[in-house]
Amino acid sequence: MEEKEARRILETYADMILRISYSYLRRTTDAEDICQNVILKYLSSHQRFDSREHEKAWIIRTTINACKDVRKSAFFGKTIGLDAVPERAIPEEPVSVLTEELKKLPVNYRISIHLFYYEGYTIKEIAQILGKRETVVANYLSRGRRRLKEALSKDSRFSPKEGEAYE
């Protein structure tokens, strides 16, 4: 494979792989490992794709499978992240409330919402990627949205003040 093609794959899909992996594993280091493994698997597979969408779907499916493998491993449950080790205080990045609430959702809701809103897939495409029925994916999206709405409405920053109306 040419270096040009390898750079294209890295520039096109690395961020998406990292976001999906982090959504599943909630650890930056594990997400980075998954990203590296998926890209290496792609480069060594010599896989032929019908289109860019087929290529993207293959990468998403491979990423999800790699995340599931990591979560199943005994090592995953017995490790602690470097964040848990007491050390010097590091200034925290501002985190959005929505991102924090998304992290609290079950993995099926979280990944469905991510693929729908961040990656722009339709319910039908998400169903194919996840190997689920369309109605199941639609339920994941609906329930995930409902949980997000409930969580955000409890936050005073998102609740309407008395006498205020949404426009």
Side-chain angles (χ1 to χ4, degrees), residues 1-123 125-132 136-137 140-141 143-144 147-148 151:
M1 181 173 288
E2 292 182 25
E3 182 179 337
K4 184 178 178 182
E5 179 68 6
R7 285 187 191 280
R8 182 192 67 81
I9 296 302
L10 190 61
E11 291 170 1
T12 305
Y13 299 115
D15 288 339
M16 179 187 67
I17 295 169
L18 283 170
R19 287 191 309 267
I20 292 170
S21 300
Y22 186 79
S23 180
Y24 259 90
L25 304 173
R26 296 184 182 146
R27 294 183 187 168
T28 306
T29 54
D30 290 336
E32 290 169 347
D33 289 344
I34 294 290
C35 182
Q36 180 179 351
N37 292 339
V38 169
I39 292 194
L40 287 174
K41 187 172 187 173
Y42 177 89
L43 294 175
S44 64
S45 72
H46 306 294
Q47 185 89 11
R48 296 253 182 228
F49 298 102
D50 300 334
S51 65
R52 295 283 187 222
E53 285 302 312
H54 182 222
E55 178 182 75
K56 185 176 180 181
W58 183 89
I59 287 177
I60 289 172
R61 185 74 252 167
T62 304
T63 301
I64 291 170
N65 289 340
C67 291
K68 287 180 178 180
D69 290 344
V70 168
R71 289 185 72 185
K72 280 191 249 179
S73 72
F75 182 74
F76 183 75
K78 295 180 182 176
T79 60
I80 61 169
L82 290 176
D83 303 337
V85 177
E87 214 174 273
R88 291 183 285 153
I90 299 172
E92 291 188 28
E93 295 179 31
V95 179
S96 89
V97 176
L98 179 61
T99 304
E100 287 304 310
E101 291 303 324
L102 268 171
K103 289 179 187 177
K104 295 176 187 176
L105 291 176
V107 71
N108 288 330
Y109 298 173
R110 200 169 52 242
I111 198 66
S112 296
I113 287 173
H114 177 83
L115 291 174
F116 188 80
Y117 289 104
Y118 292 97
E119 301 301 330
Y121 281 97
T122 64
I123 290 174
E125 292 168 330
I126 296 169
Q128 290 173 342
I129 290 169
L130 297 179
K132 307 275 185 186
V136 172
V137 172
Y140 289 161
L141 287 169
R143 291 174 186 160
R147 284 192 181 185
L148 284 173

Could you pull out the closest heavy-atom pair between [X] and [Y], with the gap in Å?
{"X": "R26", "Y": "L105", "value": "NH2-O, 3.2 Å"}
{"X": "V38", "Y": "A66", "value": "CG2-CB, 4.5 Å"}
{"X": "S21", "Y": "C67", "value": "CA-SG, 3.6 Å"}
{"X": "S112", "Y": "V137", "value": "OG-CG1, 4.4 Å"}
{"X": "T12", "Y": "R8", "value": "OG1-O, 2.6 Å"}
{"X": "E125", "Y": "G120", "value": "OE1-O, 4.4 Å"}

Side chains of Q128 and Y121 in contact at under 4.5 Å (non-hydrogen atoms): no

Is there a side-chain contact (heavy atoms from CB on, under 4.5 Å) between E119 and I126 once you walk through the steps? CA-CA 10 Å; E119 301 301 330; I126 296 169; over 6 Å; no

Could you state the interatomic distance from [atom1] ([X]) to [atom2] ([Y]), rounded to the nearest 0.5 Å?
{"X": "I34", "Y": "R27", "atom1": "CD1", "atom2": "CZ", "value": "11.5 Å"}
{"X": "Y24", "Y": "I111", "atom1": "OH", "atom2": "CD1", "value": "5.0 Å"}
{"X": "I64", "Y": "D69", "atom1": "CD1", "atom2": "CG", "value": "12.0 Å"}
{"X": "N108", "Y": "L141", "atom1": "CG", "atom2": "CG", "value": "11.0 Å"}
{"X": "I113", "Y": "R143", "atom1": "CD1", "atom2": "CZ", "value": "12.5 Å"}
{"X": "I39", "Y": "Y13", "atom1": "CD1", "atom2": "OH", "value": "10.5 Å"}

Residues in ring-ring contact (aromatic ring centres under 6.0 Å, His included) with Y118, at least two apart? H114

Mind checking ring-ring contact (aromatic ring centres under 6.0 Å, His included) for Y22 and listing every partner two or more places apart, or none if nothing turns up? none

Please assess Y42 against I9 for the test side-chain contact (heavy atoms from CB on, under 4.5 Å), listing each intermediate value before the final yes or no. CA-CA 9 Å; Y42 177 89; I9 296 302; 3.4 Å; yes

Electrostatic pair E100-K104, nearest N-O below 4.0 angstrom: no

Could E53 and K56 be called an ion pair, given the rule that one side-chain N must be under 4.0 Å from one carboxylate O? no

Determine whether L115 and I20 satisfy the following criterion, side-chain contact (heavy atoms from CB on, under 4.5 Å), listing intermediate values before the conclusion. CA-CA 8 Å; L115 291 174; I20 292 170; 4.2 Å; yes

What about F116 and Y140, are their ring centers closer than 6.0 Å? no

